[in-house]
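Data block below; observations after.
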There are 2 protein chains.
Amino acid sequence: MATINEVAKLAGVSKATVSRVLNNRPVSSETHAKVMKAIRELKYQPNAQARGLSLRQVKIIGLIAPDLRGGFYGPIILGIEEVLQKNDFNLIVSRAQSKEYRLAKMLKEKKVDGLIIATPRRIGEKGILALKKDNFPVVVIDGNVGEQVSSVEVDSRQGAYQATEHLIKLGHTRIGVISSPYSFKESRDRLRGYQDALKQYGLTYDHALVREGNYSMASGEREIEQLLVLEPRPTAIVAFNDEMAIGAIHGLFKKGFSVPRDMAVIGFDDSEIAQTFYPPLTTVRQPIKEMGAVAARKMLAILSGEETAVTHVILQTSLVVRASCGAGLQ
Amino acid sequence: MATINEVAKLAGVSKATVSRVLNNRPVSSETHAKVMKAIRELKYQPNAQARGLSLRQVKIIGLIAPDLRGGFYGPIILGIEEVLQKNDFNLIVSRAQSKEYRLAKMLKEKKVDGLIIATPRRIGEKGILALKKDNFPVVVIDGNVGEQVSSVEVDSRQGAYQATEHLIKLGHTRIGVISSPYSFKESRDRLRGYQDALKQYGLTYDHALVREGNYSMASGEREIEQLLVLEPRPTAIVAFNDEMAIGAIHGLFKKGFSVPRDMAVIGFDDSEIAQTFYPPLTTVRQPIKEMGAVAARKMLAILSGEETAVTHVILQTSLVVRASCGAGLQ
DNA sequence: TTGTATGCGTTATCAT
DNA sequence: ATGATAACGCATACAA
C-alpha cells in the first residue's frame, strides 16, 4: 500500500504537508486539492502503527473477561464495541488468564491504550492495582477492587430488594435464595438487599433458605434440591442469575413441580435466555450492554483527559415481570 | 516505560545486542545474562507498535461479524481467541457495517494482519473479493463468497439430512421446515439435505411445508402458525437454528400443544439454549467454537506462509438427541 | 560475537 | 503556508 511519501511525491509537496491535510491543519486550498487527489488515486490509508508510534496512541482498547460468550459478556462486548466504533477505536478481547502478568502485557506493549476489566473473580486483583499504580488507564466492570480504580457497577442490593419485595407482595413468606459465590462483592450486596426486604416487610431471616451456587445451571439444579427438603418448604426462589434460575426450574420440572404454580422463580440479569425460556422468566434486569457502553465512554474520557479523578458509576436495576412468578402479566 | 535504548545503556551493550537476545539470536552467555538482568530491572516490555512497524506484522487478527453475541458468534469469538492467544496474537472484534469500505479499513491501516469474516449476509461480499484481489489475508466462516477465498464451513446438507432422517425414523411423514433466508447459501444446502432424506425414504416433497424464517425466535413463532393450518397438519418440524425452533415451541405451547407429544421439534446449531431449554432440544450440532478455532489456525498458517493455496475446510455436523422429539433418550 | 547505521511510516519542531 | 529534519522504538544488513 501507498505511504505518505508516495502521496507527497505524486502531489508534488512534502510529506509534512500531506500530514497536514490528513490532520486538518491549515493549508492552501490548492495544495489541499492536489493532495486529496493524490490520496484518492493511490487509495492511500495512513498506517496505524506508525501513527501510533508517533502519537503514543493506538486507538485500541482491551477487554479482559473470564469468558467471551454467554448472556453476560456477549452484550458487554457489544456495548463497548458500539461506543468505540463511533470514536474510531477498536476493541481487543482477551480471556482472563490465571497468571496476573498477562493482564499487564498488552498495556505495557502499548498494544492497547487502556484496559476494561470485567471479571467478578479475584483473579488479577493485585495485578489491577499494580496497573493503576503505574498510571495505566483501567476501568473495571462489576469488579471488587475497591475505591482506587474507576468502575461501573450495578446496584445489586437494590436489585435483590426488588426481587424479594415482588415475591413478598405476591404473598410468599418462605423465599429461598440461590446465591452467587459468597466471595464476590455482588453476592454480599444482593444478600443484603434480600434481607432488607424481609426486614421491611416484617419477615424473619432464615439462613437455611440461602444456598451458594456458582452461576452455572448445574448449580441451580443442585441447590434447588437442597431447598426442597426444608420444612416448611419455600414457595419462591430468587436466583442470582438467570442460568441458575433455569437450572432450578429444570430441577423442579424433573421432580414433577410446576412453575409458577408450585414454586415462583425469579432470576437475575435479564439475559437472552430469560425471554427465551418457557415459562418466560421474571428477572432483575441488569443493563448489561449499557454497562459496557458506559465503561467504554469512561475509558475514552480518561484517555482524552476529560476525566481525571477516579469515579464509580452505579447503574440501576429494574424488575422485568414475566410468567415465572405467576404475577399474571404477559 | 523503558525502551530498548535504556536497556542497552544499563547493560552496557548496543541496542542491536539487546534486540538479539530478545529474538533468541546467538549472543555470548555473559552478555545474555547482563541484558536479561537489565530487562528485569527495568521491567522492559518491547513496544508492539514499533516492532510491528519494523516487521510489518502487528500480531493482531480482526474479526468481522454481524453481531458479537448470541449463541453463534460468542463461541466463534472464543474459538478464535483461544488459538490466537496460544500464538501470542490478539483479536480485534468488530460489528459488520453496511458500508463496505469499513471492511478494508483495518487491514489497509495495518491495524490487523488479517481478517476473519463471519457473516451469512451478503454485506461485504464485493468488498471481500476486492480485499482478496489486493492479496490481503482473508478467511471466511460460513460465508457465500465462492471459491476464490479460503473458508471454513459446515456440511449443511448433511446436517439437514440427519435431522430429517431422524424424524422419519421416528415415524413422521409430514415434516415441516422453518428455514433460514433463502438467499443464504446454507439455506439452500440445508433444503437440499431435507429433500435428499425425503427422497431416500420414499416421501414426496411438499413445498407448502417449507417456510422462510429469519433466524429470530419471533420468526419461528410466526411460521409455526402457518404450518399449523395445513391439512394434514405436520407432526414434526425442522428449524434451521435453535432460536427459531424455540420460537416455534413457544407458539405451540401458546396454542396448547405439547412438545414432543403433539409435535416433534428439532433445531440447528446446538447453541447454549438448546440444552438450557425445557424440554431440552434435539438439534443438529454445528462445531461452532471449532469453526472459529479452525479459521484462526488457517489464518495463522496463511500469515506464516505455510498455507498458500485457497482451501475450504468443511466440518461435519452431528445429531444431538435430547427430549424435544420424543426419541426416549435423556 | 558485537556495534553502527538505516529503514519502517507517521507526527512535530523549527526554519523559511 | 510549506519544507527539511528529527523523533517514536524496534529490527537488520553490513562492518568490524
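By convention in this document, chain letters (A, B, ...) are assigned in the order of the sequence lines, proteins followed by strands, and residues within each chain are numbered from 1. Computation of the quantities below employed the complete heavy-atom set of this structure, encompassing side-chain atoms and omitting hydrogens, waters and symmetry-equivalent molecules.
Electrostatic pairing of A/K37 and A/E41 counts as a salt bridge here, judged by a charged N lying under 4.0 Å from a carboxylate O. The pair A/R51-B/E109 does not meet the salt-bridge criterion, since no charged nitrogen lies less than 4.0 angstrom from a carboxylate oxygen. A/K105 and B/D88 are joined by a salt bridge, as a carboxylate oxygen and a charged side-chain nitrogen come within less than 4.0 angstrom of each other.
Considering only side-chain N and O atoms, A/R51 lies nowhere under 4.0 angstrom from the phosphate OP1 or OP2 of D/dC8. Phosphate proximity of D/dG9 to B/S54: absent, as no side-chain N or O sits under 4.0 Å from OP1 or OP2.
We find that NZ of A/K111 is positioned 18 Å from P of D/dG9, with the value rounded to whole Å. As a whole-Å value, the separation of B/Q45 CD from D/dC10 P is 10 Å. Atoms CD (B/Q57) and P (D/dG9) sit 22 Å apart, rounded to a whole Å. Counting to the nearest Å, the C1' atom of D/dT5 and the CG atom of A/N5 are 13 Å from each other. In this entry the distance linking CD of A/E30 with P of D/dA1 reads 12 Å, nearest Å.
Across all strands shown, B/R56 has heavy atoms under 4.0 Å from sugar-phosphate atoms exclusively, and none from any base. The residue B/S19 sits close to a base: some heavy atom pair falls under 4.0 Å.
Comparing D/dT12, D/dC10, D/dG3 by their nearest atom to the side chain of A/V13 picks out D/dG3.
Heavy-atom nearest nucleotides on DNA chain D were determined for A/H32 and for A/K15, and the one closer to the 5' end corresponds to A/H32.
With A/V35 as reference, A/V13 is the one residue of A/V13, A/L22, A/V27 to meet the side-chain contact (heavy atoms from CB on, under 4.5 Å) rule.
Between chain A and DNA chain C, the heavy-atom contact criterion of under 4.0 Å yields a 5' to 3' nucleotide range of C/dG9 to C/dT13.
Within 6.0 Å of atom NZ in B/K132, more than 12 heavy atoms from other residues, nucleotides or ligands are found, so the atom counts as buried in its surroundings.
In this structure, A/H312 and A/S151 approach most closely via the heavy-atom pair ND1-OG, 2.8 Å. Summarising the geometry of B/P75 relative to B/I288, their closest heavy-atom pair is CB-CG2, 3.9 Å, with the distance given to 0.1 Å.
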